[in-house]
Amino acid sequence: MKVHIITPFPEMVNSIVESSILGKARERGCVEYQIYNLFDFSDKSSNKRIDDYPFGGGSGMILKPEPIFEAFKFIEKGLHDTNSARVIYPTPDGKLLNQDLSYELSRIDEIVIINGHYKGIDQRVRDSMVTDELSIGDYVLTGGELAGMVILDSIVRLIPDAINSKESADLDSFSQPLLDGPHYTRPSNYKDMKTPEILLSGNHKEIEKWFREKREEKTKLRRPDLWEKYKQLKEGSR
Ligand code: ADE
């Protein structure tokens, strides 16, 4: 997968894609990142300004269309297939990201992420190039970088071989759709807080059953919406 990221804060994005799973995935050859500084595409005549006041009034600044169109034109030249590439714009008024969508996006060869900032980006950018307007939750962050990185992280870890074991991605919260269950590691007894006996028993069948029960309990309690979905899927597979 090749990921192109347009941002006014390249250092911020760079430090994230360099580290942890995103960095490892690059080392493993699963993904390549290209980061574009939005200021490099700004119009010299406007004093390298990338934002401006909104028409019609209101607070906050809007990212101007020209630098984003210019950056996109530059990226587009290098894309293998413009039609199958996905262009993501993280925004609180977008469609809520979920694991199914992350899976879908992890199978795409070329992704462009446009990180907005301030109050947002000019609507004409959204109308003409964005394919996926995505929200990471019902709260507002100061900029699109962190949201863009959350989206990218959730996609990259699902690319085959990006992380050590596909199994661990498959068992995640939401992939079943059940929340993840409790995990323990050594020491089995820490200051009298004990690991459940079953996990030390070596009985894989019983351990699997125990995990599933814990996941079901948690899902039922915390996410009635997912619980309903899970029950329906379970009934459908009978
Ligand atoms: N930008 C600011 N807040 C956001 C959110 N909740 N989701 C996606 N992008 C955002």
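All ligand and atom numbering here is 1-based and tracks the order in the structure. Keep in mind that this is a model prediction, so the values were computed, not measured. Positions are given from 1 along the sequence.
At least one donor-acceptor pair under 3.5 Å links the side chain of D122 to the backbone N or O of R124.
Considering backbone and side-chain atoms alike, L141 places an N or O below 3.5 Å from some N or O of ligand 1. Checked against a 3.5 angstrom limit, the closest N/O atoms of G144 and ligand 1 fall outside it.
Ion pairing of K24 with E27 is absent here, as no side-chain N (NZ or NE/NH1/NH2) approaches a carboxylate O to less than 4.0 Å. A salt bridge between E110 and K2 is absent, with no side-chain N of the basic residue lying under 4.0 Å from a carboxylate O of the acidic one. Contact check on D109 versus R86 returns no salt bridge, with no Lys/Arg side-chain nitrogen under 4.0 Å from an Asp/Glu carboxylate oxygen. Between E228 and K231 there is a salt bridge, since a side-chain N of the basic residue sits under 4.0 Å from a carboxylate O of the acidic one.
Close to ligand 1: L134, with a non-hydrogen atom less than 4.0 angstrom away.
Atom numbering of ligand 1 starts at 1 in the shown order; those under 4.0 Å from a heavy atom of V140 are 3 (N). Of all atoms in ligand 1, listed by their number and element, those nearer than 4.0 Å to a heavy atom of G137 are 6 (N). Close approach to A147 involves these atoms of ligand 1, each under 4.0 Å from a residue heavy atom: 8 (C), 9 (N), 10 (C). With ligand atoms numbered from 1 in the order given, ligand 1 contributes 3 (N), 5 (C), 6 (N) to contacts under 4.0 Å with heavy atoms of Y139.
Side chains of T91 and E133: no donor on one and acceptor on the other come within 3.5 Å.
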